[in-house]
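In this text the structure is predicted, and so the values were computed from the model without any measurement.
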Amino acid sequence: GNDQVACLVTVPPVSARKSDLDRLLAATIDFAQLAAGMLADGIVAMIERATIAKRLKSTIDSRAYSIVYQPIVDLHLDVLAGYEALTRFHDGASTEGTFLQAAAVGIGHELEFVTLRDALLGAHRLPDDAWLSVNVSPSLTLRTDDLRLLLSGHTRQVVLEVSEHESVPDYEALRQAVAGMGARVQLSVDDAGSGFASLAHILALKAEFVKLDQTWVRGIHTDPSRQALVAGLQYFARETGASIIAEGVEEVEEVTSLREIGVRFAQGFLLGRPASY
């Protein structure tokens, strides 16, 4: 007779199929909850971003800030050498935090521009032979047309302080940008010793000034390790044609130690507090 081929199909029990469906349903619910949570977090972040931007826009429009100037002293000659312009917000918010928030919501350059503009305008009340240091981000420094617009009409020596906390995408481009602004514009590395790049950052920028972070200045007269580090940085700066500016000087003994090491410039509450002029 004819051969017959039997195909045997195993049908899982109803209980097993129900278990698979339950697992699939549970996974689907978990995924839906995760997606809903991510969407909610995204909406909250968007609202927070919009709120911050609106608040900072209001700060800019109403000029809810003041510019103060802190003296920088020549320790070798014991005379005033320059001033650093600092922004103080009327709501008491941290200066660094506010600028970081502005950058995060896309209006960092706008806030930098208006505060820098007002710092330059207010500097006419300062002694003519004193230089003016202003804090700028690397990205704004690379926007040379904007800076030239701000600096036009000002004959005072201006020092652009670039923080060591912010990365520089192209050191050569930054150096060329500053050089293209003329001899009256110089470059300074801010917060040296506290940022991510350390000496490599200083070496790559080839700045005229290196500002030593206050953490290395406080109590330097009692700490041989700090003295050795500052002495090394002072030697490095001298060999590369730069000058050290020590920040945060608050004690007479600190000034004595800095002078002995050879540091030429310093600023801090002992030498002069930030003030309006």
Side chain to side chain, [X] and [Y], heavy atoms closer than 4.5 Å:
| X | Y | result |
| --- | --- | --- |
| Glu110 | Lys57 | yes |
| Asp91 | Arg55 | yes |
| Asp190 | Val162 | no |
| Lys211 | Val189 | no |
| Gln70 | Phe269 | yes |
| Leu111 | Phe99 | yes |
| Val68 | Arg273 | no |
| Val249 | Val73 | no |

Residue pairs involving residues 224-242 (criterion side-chain hydrogen bond (donor to acceptor under 3.5 Å, both in side chains); sequence neighbours excluded): Asp223-Arg226
[X] (side chain) donor-acceptor with [Y] (main chain) under 3.5 angstrom:
| X | Y | answer |
| --- | --- | --- |
| Arg88 | Ala93 | no |
| Gln157 | Ala183 | yes |
| His124 | Leu121 | yes |
| Ser188 | Val159 | no |

Would you check, one step at a time, whether the test side-chain contact (heavy atoms from CB on, under 4.5 Å) holds for Asp74 with Phe265? CA-CA 5 Å; Asp74 186 326; Phe265 301 105; 3.8 Å; yes
With sequence neighbours left out, the residues meeting ring pair (Phe, Tyr, Trp, His ring centres under 6.0 Å) with Phe113 are none
Show me, pair by pair, the donor-acceptor contacts under 3.5 angstrom made by side chains of residues 141-148, not counting sequence neighbours?
unit_1: Thr141; atom_1: OG1; unit_2: Ser137; atom_2: O; d: 2.9
unit_1: Arg143; atom_1: NE; unit_2: Asp146; atom_2: OD2; d: 2.8
unit_1: Arg143; atom_1: NH1; unit_2: His109; atom_2: ND1; d: 2.5
unit_1: Arg143; atom_1: NH2; unit_2: Asp146; atom_2: OD2; d: 2.9
unit_1: Thr144; atom_1: OG1; unit_2: Arg148; atom_2: NH1; d: 3.4
unit_1: Arg148; atom_1: NH2; unit_2: Gly180; atom_2: O; d: 3.4

Specify the closest pair of heavy atoms between Ala242 and Ala207, including all atoms of both residues, with the distance to one decimal.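 Of all heavy-atom pairs spanning Ala242 and Ala207, the closest is CB-O, 3.4 Å.
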Do NZ/NE/NH1/NH2 and the carboxylate oxygens of Glu251 and Arg218 come within less than 4.0 Å? no
List the atom pairs, with distances to 0.1 Å, where a side-chain N or O of residues 255-263 and a protein N or O form a donor-acceptor pair under 3.5 Å, not counting sequence neighbours.
unit_1: Thr256; atom_1: OG1; unit_2: Val252; atom_2: O; d: 3.3
unit_1: Ser257; atom_1: OG; unit_2: Glu253; atom_2: O; d: 3.4
unit_1: Arg259; atom_1: NE; unit_2: Leu75; atom_2: O; d: 2.9

To the nearest 0.5 Å, how far apart are CG in Leu233 and CD1 in Ile244? 4.0 Å
Starting at OG of Ser152, measure out to CE of Met181 and round the result to the nearest 0.5 Å.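 If I round to the nearest 0.5 Å, the distance is 12.0 Å.
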Would you list the pairs meeting ring pair (Phe, Tyr, Trp, His ring centres under 6.0 Å) in which at least one residue belongs to residues 48-78, sequence neighbours left out? none
For Arg63, all residues meeting salt bridge (charged side-chain N to carboxylate O under 4.0 Å, His left out), sequence neighbours excluded: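 Partners of Arg63 by the salt bridge (charged side-chain N to carboxylate O under 4.0 Å, His left out) criterion, ordered by chain and then number, come out as Asp118.
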